[in-house]
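For this chain, numbers begin at 1 and follow the sequence in order. Keep in mind it's a predicted model, so treat the numbers as computed, not measured.
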Amino acid sequence: MRVRFRGLTEREVALVEGPAGWGEFGAFPEYDDPEAAHWLRSALEMAWQGPPPALRSRVAVNATVPAVSAGEVAGILDRFPGCTTVKIKVAESGQQLVDDVARVAAVLQARPDARIRVDANGAWTVAEAAHAVRVLDQAVRAVDATRAPGTGPVSLDGQGLEYVEQPCATVEELVRLRARLAADGVHVDVAADESIRRAEDPLRVVRAGGADRAVVKVAPLGGPRRLLAVAAELGVPVTVSSALDSAVGVAAGVAAAAALPGVRSGRDGAAGDGPGGDDEIPAAGLGTGGFFVEDVVEPGVFSLVDGCLPVVAVAPDPARLEGLRACPDRRDWWLDRIRRCHDLL
């Protein structure tokens with residue numbers, strides 16, 4: 001990988017070919033078999049059933065900025081041409097809130113009109129989250145790329161954070177945080193990610209009042225059709241995201257996003273030039289391919305155009321498959337894992 005992301009510098013996945021195309025099984029190594037089995041179910045659905053019917057032919061995605069220094073932000077954003085929504089990782093271990101604020105400011109210096117999301121991966125306590133969300137929301141509202149420092153009062157009239165993703169680890173904390181933000185007059189949506197994809201009941205966090213939005217991933221939920229069913233039951237705006245997938249796995253996420261019902265009044269949605277007309281959905285977190293030095297398709301085959309990914313079937317390039325093949329020990333590890341997980345389906 002080009003930069004460390006989610007603590008990883010290298011990503012392993014298993015690709016499965018079936019009668020309907022290719023699927024990806026990429027559950028992280030630390031996941032136990034019952035959890036990983038959902039990821040295998042997703043791979044088999046794409047390979048044997050193919051994608052659900054699409055309502056649009058391309059899907060807008062957000063740029064993603066890892067917890068890098070402010071000086072590295074512009075280079076990261078260069079990998080996301082045309083993206084008008086940016087998700088910024090915050091609350092990184094070993095860093096401070098001032099680092100997060102500097103990263104947000106650097107993003108808005110590079111893309112002044114971008115919509116900003118932040119993702120804490122459950123790292124804050126309720127008190128820490130309440131403080132950080134207020135500060136980061138004010139930082140977004142205050143940034144004016146045309147105003148020189150020290151030349152006058154800072155206006156807080158700009159648009160604030162679109163949402164904060166998984167600010168705290170537990171459902172109970174998220175419920176308390178939403179109440180605290182409301183009491184403090186901080187109008188920032190809370191989005192749940194881990195509280196959905198790693199939960200026995202993915203609906204619990206919304207039903208408990210812990211989330212205004214949901215971030216959902218195809219593989220952890222067991223496939224695109226299961227994702228669509230969960231999204232319909234959640235009843236809140238849904239962002240489809242990636243789990244550091246190869247192009248094959250990202251294509252499954254794009255297929256799911258393309259099948260989501262849209263809203264015509266959305267502000268940051270996907271281009272709707274397919275059967276869905278001008279319907280919009282929240283910009284998907286699927287533009288993670290740029291973090292890889294190598295992928296299973298040739299550069300340009302499945303890439304961003306004007307901030308969107310195309311809704312197409314993706315097949316790995318045979319030469320790249322051979323060049324990226326895992327060593328025999330790792331291949332055997334994955335095959336054994338597939339057998340164990342398949343027994344649980």
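- No side-chain heavy atom of F80 sits under 4.5 Å from any side-chain heavy atom of V61.
- Taken to the nearest 0.5 Å, the CZ atom of R41 stands 9.5 Å off from the NE2 atom of H342.
- If you take CD1 on I116 and CZ on R111, they are separated by 10.0 Å, rounding to the nearest 0.5 Å.
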Decide yes or no on salt bridge (charged side-chain N to carboxylate O under 4.0 Å, His left out) for E173 and R176, but give the supporting numbers first. CA-CA 5 Å; E173 288 174 313; R176 285 160 43 209; 5.3 Å; no
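- Contact annotation: the side chain of H38 never approaches that of P220 to less than 4.5 Å [non-hydrogen atoms, C-beta and beyond].
- Without hydrogens or angle criteria, R79 side chain to G289 main chain gives no donor-acceptor distance under 3.5 Å.
- Hydrophobic cluster membership is shared by I88 and V140, with clusters built from Ile, Leu, Val, Met, Phe, Trp and Tyr side chains linked at under 4.5 angstrom.
- Here the shortest heavy-atom pairing between L228 and A256 reads CD2-O, 3.6 Å.
- Here the side chains of F302 and V254 are in contact, with some heavy-atom distance below 4.5 Å.
- Between R58 and C308, the shortest heavy-atom contact is NH1-SG, 4.0 Å.
- Between T239 and R117, the closest side-chain pair of non-hydrogen atoms falls below 4.5 Å.
- A donor-acceptor pair under 3.5 Å is absent between the side-chain atoms of R204 and the main chain of I196, judged by distance alone.
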With salt bridge (charged side-chain N to carboxylate O under 4.0 Å, His left out) as the test, would you mind laying out the steps for R337 and E35 before giving the verdict? CA-CA 12 Å; R337 191 186 199 195; E35 184 172 4; over 6 Å; no
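- Summarising the geometry, atom CG belonging to D193 is positioned 3.5 Å from atom NZ belonging to K217; distances are rounded to the nearest 0.5 Å.
- Residues L345 and M46 do not share a hydrophobic cluster, defined by chaining ILVMFWY side chains whose heavy atoms lie under 4.5 Å apart.
- Grouping the Ile, Leu, Val, Met, Phe, Trp and Tyr side chains by contacts below 4.5 angstrom, directly or via other members, places V188 with V236.
- Proximity of R226 to P202: side-chain heavy atoms (C-beta onward) are separated by under 4.5 Å at one or more points.
- With values rounded to the nearest 0.5 angstrom, F292 atom CZ is found 7.5 Å from D245 atom CG.
- Considering only heavy atoms from C-beta on, D189 stays 4.5 Å or farther from V164 through its side chain.
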Set out, in order, the CA-CA distance, both residues' side-chain angles and the distance that settles side chain to side chain contact (heavy atoms under 4.5 Å, CB included) for L97 and L136, then state yes or no. CA-CA 9 Å; L97 182 56; L136 291 169; 4.2 Å; yes
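- The main-chain N or O of V297 is never found under 3.5 Å from a side-chain atom of D317 such that the two would form a donor-acceptor pair.
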Please assess E45 against V218 for the test side chain to side chain contact (heavy atoms under 4.5 Å, CB included), listing each intermediate value before the final yes or no. CA-CA 11 Å; E45 178 183 329; V218 166; over 6 Å; no
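- Scanning all heavy atoms of the two residues, the minimum distance from I76 to P66 falls at CG2-CD, 4.0 Å.
- Both V118 and V190 are assigned to one and the same hydrophobic cluster, defined by single-linkage of ILVMFWY side chains at heavy-atom distances under 4.5 Å.
- Taken to the nearest 0.5 Å, the CG atom of L108 stands 12.5 Å off from the CZ atom of R141.
- Distance CG/D295 to CG/L324: 8.0 Å, rounded to 0.5 Å.
- Using a cutoff of 4.0 Å between basic side-chain nitrogens and carboxylate oxygens, D336 and R340 are scored as salt-bridged.
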Go through the steps for V296 and W22 under the test side chain to side chain contact (heavy atoms under 4.5 Å, CB included), then give the verdict. CA-CA 12 Å; V296 296; W22 287 82; over 6 Å; no
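- Side-chain contact between P310 and S57 is absent, with no heavy-atom pair separated by less than 4.5 Å.
- One finds no salt bridge joining R325 and E294 here, because no Lys/Arg side-chain nitrogen approaches an Asp/Glu carboxylate oxygen to under 4.0 Å.
- Judged purely by distance below 3.5 Å, without hydrogens or angles, the side chains of Q166 and S195 pair a donor atom with an acceptor atom.
- At distances below 3.5 Å, at least one donor-acceptor pair connects side-chain atoms of D99 with backbone N or O atoms of Q96.
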Checking salt bridge (charged side-chain N to carboxylate O under 4.0 Å, His left out) for the pair D100/R103: CA distance, chi angles, key distance, verdict? CA-CA 5 Å; D100 299 333; R103 197 175 305 117; 3.0 Å; yes
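- Looking at E233, its side chain never comes within 3.5 Å of a backbone N or O of L203 through a donor-acceptor pair.
- Shortest non-hydrogen contact noted between I338 and A14 is CD1-CB, 4.1 Å.
- No more than 12 heavy atoms of other residues, nucleotides or ligands lie within 6.0 Å of CG in D306, so this atom counts as exposed by the packing criterion.
- A side-chain donor-acceptor contact under 3.5 Å links E24 and S246.
- Proximity of C83 to N62: side-chain heavy atoms (C-beta onward) are nowhere separated by under 4.5 Å.
- Applying the side-chain contact (heavy atoms from CB on, under 4.5 Å) test between F25 and each of V248, L40, L15 identifies L40 as the sole match.
- The cluster map of Ile, Leu, Val, Met, Phe, Trp and Tyr, joined by side-chain heavy atoms under 4.5 Å apart, puts V238 and L286 in the same cluster.
- When all heavy atoms of W124 and A132 are compared, the closest pair comes out as CZ2-CB, 3.5 Å.
- Of the residues E165, E194, E92, the one that meets the side-chain hydrogen bond (donor to acceptor under 3.5 Å, both in side chains) test with N121 is E194.
- Geometrically, R330 engages W333 in a cation-pi contact, judged by NZ or CZ lying under 6.0 Å from the ring centre and within 45° of the ring axis.
- Shortest non-hydrogen contact noted between E72 and V68 is OE2-CB, 3.6 Å.
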